Amino acid sequence: VVSSWSGLRPATPSGLPLIGRLPDTTNAWIASGHFRSGLQFSPPTAVIMRELLTGVTPSTNIAAFAVPEREASLQHSENLLGTLSQRVCS
């Protein structure tokens, strides 16, 4: 193999993207986990993120996309990175 490429499509266990401020932070935000719908959902996600970052109440109810505490935990992040590494390397 001379070269290879992989376009990873991050997904969450719930299947819903994570959009919003990370718990216990004031300046860390996320908009990820759109999986196969990233291209379709990028424009509305950009609008929502602009609203959040500028202090405007989002025009869409984003409660379903909030970052749960368990998603933000370091242990979960380490497990997720380990899983991703196994998938990429195997």
Side-chain angles (χ1 to χ4, degrees):
V1 175
V2 175
S3 67
S4 67
W5 180 86
S6 176
L8 299 177
R9 293 183 175 94
T12 63
S14 69
L16 296 173
L18 299 175
I19 302 173
R21 186 166 45 93
L22 295 176
D24 301 324
T25 69
T26 57
N27 62 351
W29 300 80
I30 188 168
S32 184
H34 293 77
F35 195 47
R36 294 183 184 127
S37 302
L39 287 176
Q40 295 90 339
F41 291 147
S42 60
T45 298
V47 170
I48 291 167
M49 288 302 293
R50 181 195 67 215
E51 292 169 342
L52 290 171
L53 291 168
T54 58
V56 174
T57 301
S59 54
T60 302
N61 182 349
I62 62 167
F65 309 119
V67 183
E69 292 293 330
R70 63 180 172 74
E71 297 285 355
S73 73
L74 180 58
Q75 181 63 43
H76 178 77
S77 298
E78 289 172 353
N79 290 342
L80 181 60
L81 289 175
T83 301
L84 288 174
S85 297
Q86 289 173 358
R87 289 181 185 171
V88 171
C89 297
S90 57

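Since the structure is predicted, the reported quantities are computational estimates derived from the model, not experimental observations. These values consider heavy atoms only, across backbone and side chains, with no hydrogens, waters or symmetry-generated copies.
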ILVMFWY network linking [X] to [Y], side-chain heavy atoms under 4.5 angstrom:
| X | Y | result |
| --- | --- | --- |
| F65 | V67 | no |
| V47 | I19 | no |
| F35 | I30 | no |

| note | Rounded to the nearest 0.5 angstrom, the CD1-CG distance for I62 and L18 is 11.0 Å
| L52 CG to W29 CH2 distance, which is reported to the nearest 0.5 Å |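 Interatomic distance, L52 CG to W29 CH2, rounded to 0.5 Å: 5.0 Å.
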| Where the side chain of R21 meets the backbone of T25, is there a donor-acceptor pair that is under 3.5 Å apart? |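 Present.
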| said: Once side chain to side chain donor-acceptor pair (under 3.5 Å) is applied, what residue pairs with a partner in residues 32-42 remain, sequence neighbours excluded? | reply: H34-T45
